[in-house]
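By convention here, the first residue in the shown sequence is residue 1. Counting starts at 1 for both ligands and their atoms, in listed order.
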Amino acid sequence: MKAPIFQQWCFLLLLMAEFAIGKLFFEPYNVTYDHRSLIIAGRRRMIISAGIHYPRATPQMWPDLIAKAKDGGVDVIETYTFWNGHEPVRGEYNFEGRYDLVKFAKLVGSSGLYFFLRIGPYVCAEWNFGGFPVWLRDIPGIEFRTDNAPFKEEMQRFMTKIVNLMLEEKLFSWQGGPIILLQIENEYGDVENSYGKKGRDYINWAANMAVGLGAGVPWVMCKQTDAPEFIIDTCNGYYCDGFKPNSDKKPAFWTENWDGWYTTWGGSLPHRPVEDLAFAVARFFQRGGSLQNYYMYFGGTNFGRSAGGPFYITSYDYDAPIDEYGLLSQPKWGHLKDLHAAIRLCEPALVAVDSPRYVKLGPMQEAHVYHKGGNGRRPISDSGDESRCSAFLANIDQHNVASVHFQGHIYTLPPWSVSILPDCRNVAYNTAKVGAQTSVKELEPQAPHLSNTPVVQNLLHQDAASFISEKWETVNEPVGVWSDYNFTAQGILDHLNVTKDSSDYLWYFTRIYISGEDVSFWKKNGVHPNLTIDSMRDVVHIYVNGELAGSGVGRWVQVIQPVELLEGYNEVALLSLTVGLQNYGPFLEKDGGGFRGQIKLTGLEEGDMDLTNSSWIYQVGLKGEMQEIYTINGNEKAAWVDLTTNKVRYPLRWYKTYFDVFDGLDPVALDFSSMGKGQAWVNGHHIGRFWTLPSSQDGCERSCDYRGKYDSSKCTTNCGKPTQVRYHVPRSWLQESDNLLVVFEETGGNPFEISLTSHYTQIICASISESHYPPLSRWLNHGSVDGQILINDTTPEMHLHCEDEHVISIVFASYGTPEGSCPKFSRGSCHAPRSFDVVSGFCQGRQTCSIRVSNSEFNDPCRRVSKTLAVEAKCIPSRVTGSSSI
Ligand SMILES: *[C@@H]1O[C@H](CO)[C@@H](O)[C@H](O)[C@H]1NC(C)=O
Ligand SMILES: *[C@@H]1O[C@H](CO)[C@@H](O)[C@H](O)[C@H]1NC(C)=O
Ligand SMILES: *[C@@H]1O[C@H](CO)[C@@H](O)[C@H](O)[C@H]1NC(C)=O
Ligand SMILES: *[C@@H]1O[C@H](CO)[C@@H](O)[C@H](O)[C@H]1NC(C)=O
Ligand SMILES: *[C@@H]1O[C@H](CO)[C@@H](O)[C@H](O)[C@H]1NC(C)=O
Ligand SMILES: *[C@@H]1O[C@H](CO)[C@@H](O)[C@H](O)[C@H]1NC(C)=O
């Protein structure tokens with residue numbers, strides 16, 4: 001390279017860097033509100049917001065997640081802050097890596113989206129300890145979330161830290177930044193009664209403290225009916241269309257629309273049908289709501305030990321529109337995208353009036369009409385957007401289709417649905433009619449370095465799982481005390497008081513003397529003594545004389561474990577575990593772990609032997625954990641030996657191997673079906689806790705009906721199977737070859753069967769009738785005339801899309817009266833013979849395609865019959881076919 005060119009480049013780069021530092025994301029603008037909505041830069045706005053928690057993804061994933069939210073028609077990215085991630089040690093702050101809040105906020109701003117920061121700092125969030133640092137418990141005299149001086153001091157210090165950081169980085173709206181809204185506290189209304197007057201005083205203090213921080217944008221409190229005048233109280237829930245804030249000067253905001261749900265180890269997987277979710281959102285805007293936030297738009301992963309609980313699983317997929325791995329969850333994402341476009345079309349009418357006009361259409365049918373000045377019967381002649389008439393037609397009957405008359409036309413409304421009429425005449429969208437494609441993602445085992453070998457297509461579908469390694473090494477984790485960092489105390493100490501959550505693990509160790517008479521007594525009567533623990537959480541593994549006797553699981557449950565004891569001294573070692581600290585409820589600071597009540601040996605001839613006040617030796621953590629043998633530098637500290645057998649499932653074992661990864665963009669997961677319970681690290685990154693605990697056999701319905709009120713027990717799947725067997729390993733934590741995997745196994749597993757899987761959409765399908773509404777994009781392309789939006793091409797369109805590096809291969813297509821549902825269609829009595837050829841012509845070998853659903857494309861196969869196009873396709877790696885996805 002020639003020097004002058006190089007210098008030019010340097011100069012350019014310097015310029016660009018300077019630009020980046022001094023860059024404003026927007027022209028400075030103010031954010032206020034009235035009773036209708038937020039007012040951004042002087043204009044009322046209807047707002048769609050998307051919850052994405054930055055530490056539940058990697059910084060490398062952030063740009064793509066934000067881009068997918070923007071593409072999905074979102075205006076705002078919302079997140080909590082995570083105090084225990086930002087201040088792991090009091091006064092020592094961490095804003096790096098996954099905790100780089102400033103970088104995340106800037107990415108949001110630079111993509112042209114707004115930012116809604118819910119600081120808390122109590123956040124619940126199914127996050128460890130609700131976001132509180134565990135050291136907060138140790139501040140003398142502290143009581144959380146009440147009128148308590150030590151707590152308020154700490155809370156104010158962290159709030160100030162965050163607001164000042166945002167101020168310094170010029171991230172508030174009036175500084176030209178993306179932040180338009182802030183939240184203080186979180187669902188305090190749920191626990192306020194437990195704190196009496198001190199609770200009410202605390203909320204007033206918190207509100208005043210927050211607005212005193214000088215952020216200069218509005219603050220909200222969610223589920224806080226007694227929020228003061230200057231704070232917007234907001235709704236969280238599955239439905240919020242009936243919500244009214246506590247003052248007629250405040251707008252109706254929905255800070256958490258629960259679009260899915262979380263789950264616990266041993267739980268089934270929740271799913272919220274998108275027809276119901278879209279219904280809830282449409283109803284909210286129909287009845288006067290103006291800001292709605294999806295909790296979550298992307299749920300992600302509880303990496304490390306960040307999962308709350310107790311017992312929340314490592315995946316935080318949440319059945320969100322973007323899945324745990326960062327891929328679109330379809331049809332959820334696409335159907336909501338259409339919904340957002342429909343609401344956007346209505347925005348001029350929605351913001352122009354103070355409240356809608358209500359029209360009763362039937363016993364369980366109603367319309368809300370937004371029309372400034374007009375009587376709503378007929379759009380008035382004025383070409384300005386201000387005069388636009390928009391209407392929402394709802395059928396809240398969850399069983400029956402309804403035909404309703406509205407402004408001289410007849411509309412057919414499916415059960416439990418809302419039709420959106422941006423011009424009070426044409427239906428742009430119905431919440432129950434899904435046009436978006438459905439995606440089926442199977443995590444198939446893949447051979448490492450797939451692309452480096454000449455690939456035949458069936459390699460992708462080989463039956464044998466591809467285990468990541470044939471060579472494993474192992475080392476024992478000692479039972480009981482293993483270091484000089486042990487101490488002895490009389491009696492049972494609280495688990496958290498000892499570990500300070502520096503580890504999940506705490507050993508309680510004692511010796512008990514058993515006489516010859518006791519042993520003969522048991523033998524004579526053919527019984528075993530029991531070790532009885534009055535109350536325990538979350539897990540205990542009971543070792544007697546170095547052998548695992550049994551385990552207990554639960555939250556403050558009794559454990560009765562039969563044990564084998566010998567004459568003389570016996571060693572009792574209890575490995576106590578936390579599996580995510582409590583994140584919800586009052587008095588969190590009092591919520592410890594380990595054992596409560598008595599620990600005793602029952603079934604002795606002379607009566608019970610109480611061990612509660614015995615001398616116990618305490619050992620925090622695991623030896624391998626403290627030596628950091630899961631890191632690239634630390635793993636040599638352990639005396640690893642080759643693992644030769646896969647027959648014996650040893651408890652308390654470390655395993656390690658090195659593995660290669662197939663290249664490409666597809667997200668990667670490790671399959672731990674063959675393991676028991678423990679934790680795992682890849683190249684030193686803690687990918688989370690794993691546990692193959694199966695969920696209960698029953699509770700999953702055979703089919704899922706979107707109609708009627710949703711709750712988290714509806715439409716669940718995966719009953720009878722382990723709740724989670726696949727664990728996301730972000731691409732940025734991996735290199736092509738020789739990745740170090742270290743697994744700690746508590747109960748026993750077979751590492752030889754750990755496999756690597758790739759995650760991508762393998763099958764897509766869609767079904768659209770010829771009477772479906774036309775693509776929303778066609779509306780956007782037309783201006784309004786006489787208050788009506790002109791749309792002269794009403795032909796519906798099917799859109800199909802495969803992820804990057806994948807192309808469409810059509811499997812089935814039928815225009816006519818196809819039967820079955822996605823992804824199992826079959827031809828009906830009416831079928832256009834050209835179906836397959838037409839669809840293939842548009843789609844085969846492409847990443848994205850669209851097909852017009854009309855007789856003119858397919859030739860009418862059966863007159864006077866309502867026809868539907870159903871398509872199923874595979875997404876195949878573009879490398880395999882040799883075609884390019886670009
Ligand atoms: C925002 O409001 C402040 C205080 O009312 C005012 O000084 C400032 O000029 C406004 N900024 C913009 C961009 O309107
Ligand atoms: C426990 O700690 C003491 C000193 O604190 C030490 O002497 C003893 O060896 C330790 N026990 C084990 C098993 O390491
Ligand atoms: C834990 O320690 C705190 C003091 O830091 C004490 O008040 C509390 O009683 C302890 N909990 C238990 C269960 O011993
Ligand atoms: C130990 O507990 C089991 C289960 O509660 C009980 O059936 C058994 O009788 C107990 N053993 C003795 C020796 O008390
Ligand atoms: C254990 O010690 C505590 C405090 O010293 C005492 O209150 C309790 O009665 C003792 N329990 C037994 C079973 O001796
Ligand atoms: C639809 O309307 C546009 C402009 O309003 C016009 O240019 C176009 O020809 C019309 N198309 C049809 C099929 O009528």
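Listed by chain and residue number, nothing satisfies the salt bridge (Lys or Arg N to Asp or Glu O under 4.0 Å) test with D608 (two or more places apart in sequence, or in another chain). Residues forming a salt bridge (Lys or Arg N to Asp or Glu O under 4.0 Å) with K103 (at least two apart in sequence, or on another chain): none. Partners of N293 by side chain to side chain contact (heavy atoms under 4.5 Å, CB included), not counting sequence neighbours, listed by chain and number: S49, E78.
Protein residues having a heavy atom under 4.0 Å from any atom of ligand 3 are D494, N497, listed by chain and number.
For the atom pair F172 CZ and N30 CG, the distance stands at 13.0 Å (nearest 0.5 Å). Rounding to the nearest 0.5 angstrom, the gap separating the CD atom in E477 from the CD atom in E625 is 8.0 Å.
Checked against the 6.0 Å centroid criterion, the rings of Y122 and F144 do not qualify as a close aromatic pair.
Near N30, meaning under 4.0 Å from one of its heavy atoms, ligand 1 places the atoms 1 (C), 2 (O), 3 (C), 8 (C), 10 (C), 11 (N), 12 (C), 14 (O). Near P28, the atoms of ligand 1 lying under 4.0 angstrom from a non-hydrogen atom of the residue are 13 (C).
Remark: the T146 side chain and the N148 side chain contain no N/O donor-acceptor pair separated by less than 3.5 Å.
Of the N or O atoms in Y29, none lie within a sub-3.5 Å distance of an N or O in ligand 1.
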